[in-house]
Number of protein chains: 2
Amino acid sequence: MAKKIKPEEQISTEEKIKEAARTVFMKKGFSATRTRDIADEAGINLALLNYYFRSKEKLFELVMMEKFQAFFGVIFPILNDPSTTLERKVELIADQYITLLTENPDLPIFILSEIRTNADRMVASVRLDKILAESQFVKQLHERRPDMHSVQLIMSILGLVVFPFLMRPLLMQTGNADTKIFNAMMNERKQWIPKWFDSILNAK
Amino acid sequence: MAKKIKPEEQISTEEKIKEAARTVFMKKGFSATRTRDIADEAGINLALLNYYFRSKEKLFELVMMEKFQAFFGVIFPILNDPSTTLERKVELIADQYITLLTENPDLPIFILSEIRTNADRMVASVRLDKILAESQFVKQLHERRPDMHSVQLIMSILGLVVFPFLMRPLLMQTGNADTKIFNAMMNERKQWIPKWFDSILNAK
DNA sequence: GTCTATAACCTGATAGAC
DNA sequence: GTCTATCAGGTTATAGAC
């Protein structure tokens, strides 16, 4: 109980708090979360939270930064890889995103909610437009199909991949699908979405 | 200033509060909203809010009910109309939804956020699954393409229609698109999405 | 580093005058 | 019906003992 080095107890207090913060913030969002919830979840007391992280806000920023990176860190490298075709990029996005979100289904709603409520607290200046405009994806698309709008296309891919996870609470609540069924449906999409875009990219 | 009946001043205090509640709740969500914000927005004082509506919660439920109905009230009648084809249904959903959301872009993020944070406070039991399963849309799809999963298809349609509005804050923040450009893009989708689904429904 | 206790502030709701 | 004033309770953050 004291200073034995059992693997589970190696986790530092700081990390325990951070992990608890991830859990609670992800579930309730910034405003609905009380620092006491996090302290309880971490199994420590409230004062310690302020000792390690100066404030609720600082702790939140840490978590948000992580999640933001997880959310966008998957897509940008794929879009920017010069060595893959457009078709392959779509395939990779569908596959990797759905895998990520299956393990982390609350990620999209968390990020989108917090952006809405507190655009200021957000990781500002992500320059989504620039990053996209200068990407290999856009370059390749422009060469192949100058008639297609890259933002439209990317919004469509993301919509098909991400939206089901946003609807998930609503679908699960009504008992229409348990986790297993939902995940199976998402796995189908991994095949489905690339095929769809193939036919669009080669249409007419 | 007293009891003149100028049109703008006919608005009852009750309605002024309700309207303010719509604005503030939609922008910040339940938890981040303070009743004082609503009172200020309505130009009345805090006590009056509790006089007309018993509590913050009651007022919120009112607003949520409205918005929920607006969000789902468009799609259900379309899905259930026996006199329209599948293609026409997709066309109507794309057209009417995008029109609705263009006027009310915060609607989806509001509803989805609040469902997450407070599944309990939500308009429970919407039985999305039942309503869908018994819809004309599902019946027609099953006859025409028994190989296709109706939930998948509906999630896809909604994803293509709704997701851009969820990304909107992120796109607008980065200056990639102002309102006019964004709306133009959404209008394109009114044509685009039905064509897409036509080719899917008639594929292979 | 970790705790208890509490300060300082905020928020929802109500009492009571007009 | 509408206001001011205030209560009661909750929340973040800190002081200070160990």
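All chains are named by letter (A, B, ...) in the order of the sequence lines, taking the proteins before the strands, and each is independently numbered beginning at 1.
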Provide, to the nearest angstrom, the distance between the [atom1] atom belonging to [X] and the [atom2] atom belonging to [N].
| X | N | atom1 | atom2 | result |
| --- | --- | --- | --- | --- |
| B:K58 | C:dA13 | NZ | C1' | 15 Å |
| B:K28 | C:dC10 | NZ | C1' | 13 Å |
| B:K16 | D:dG1 | NZ | P | 13 Å |
| B:K56 | C:dT14 | NZ | P | 15 Å |
| B:D37 | C:dT11 | CG | P | 8 Å |
| A:E57 | C:dC9 | CD | C1' | 16 Å |
| A:N50 | D:dG16 | CG | P | 16 Å |

Original post:
What residue among B:V161, B:V162, B:L158 forms side chain to side chain contact (heavy atoms under 4.5 Å, CB included) with B:P108?
Top reply: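 The passing option is B:V162.
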Subject >> Basic-acidic side-chain contact under 4.0 Å: B:E41, B:K27 >> reply: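 Salt bridge: no.
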Subject >> Electrostatic pair B:D37-B:R34, nearest N-O below 4.0 angstrom >> reply: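 Judged by the 4.0 Å cut-off on N to carboxylate O distance, B:D37 and B:R34 do form a salt bridge.
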**OP:** Establish, yes or no, whether a centroid distance under 6.0 Å links the rings of A:F110 and A:F25.
**Re:**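 No, ring centres 6.0 Å or more apart.
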**OP:** Please list all pairs passing the side-chain hydrogen bond (donor to acceptor under 3.5 Å, both in side chains) test where one or both residues lie in residues 98-110 of chain B, with sequence neighbours left out.
**Re:**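 Applying side-chain hydrogen bond (donor to acceptor under 3.5 Å, both in side chains) to every pair that reaches into residues 98-110 of chain B, excluding sequence neighbours, yields B:T99-B:K190.
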Subject >> Of all pairs that satisfy side-chain hydrogen bond (donor to acceptor under 3.5 Å, both in side chains), the ones with a partner from residues 151-165 of chain B, not counting sequence neighbours >> reply: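 As it turns out, the side-chain hydrogen bond (donor to acceptor under 3.5 Å, both in side chains) pairs with a partner in residues 151-165 of chain B, which skip direct neighbours, are A:R189-B:Q152, A:R189-B:S156.
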**OP:** Considering just the side-chain nitrogens and oxygens of B:T35, establish if one lies under 4.0 Å of OP1 or OP2 belonging to C:dG12.
**Re:**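 So the side-chain polar atoms of B:T35 do come within 4.0 Å of the phosphate oxygens OP1 or OP2 of C:dG12, strictly under.
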Original post:
Base, backbone or nothing for each nucleotide of nucleotides 3-10 of chain D, written B, S, -, heavy atoms under 4.0 angstrom, 5' to 3'?
Top reply: BB-B----
**OP:** Can you figure out which of D:dA13, C:dT2, C:dA13 approaches the side chain of A:Y51 most closely?
**Re:**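 Nearest to the side chain of A:Y51 among the choices is C:dT2.
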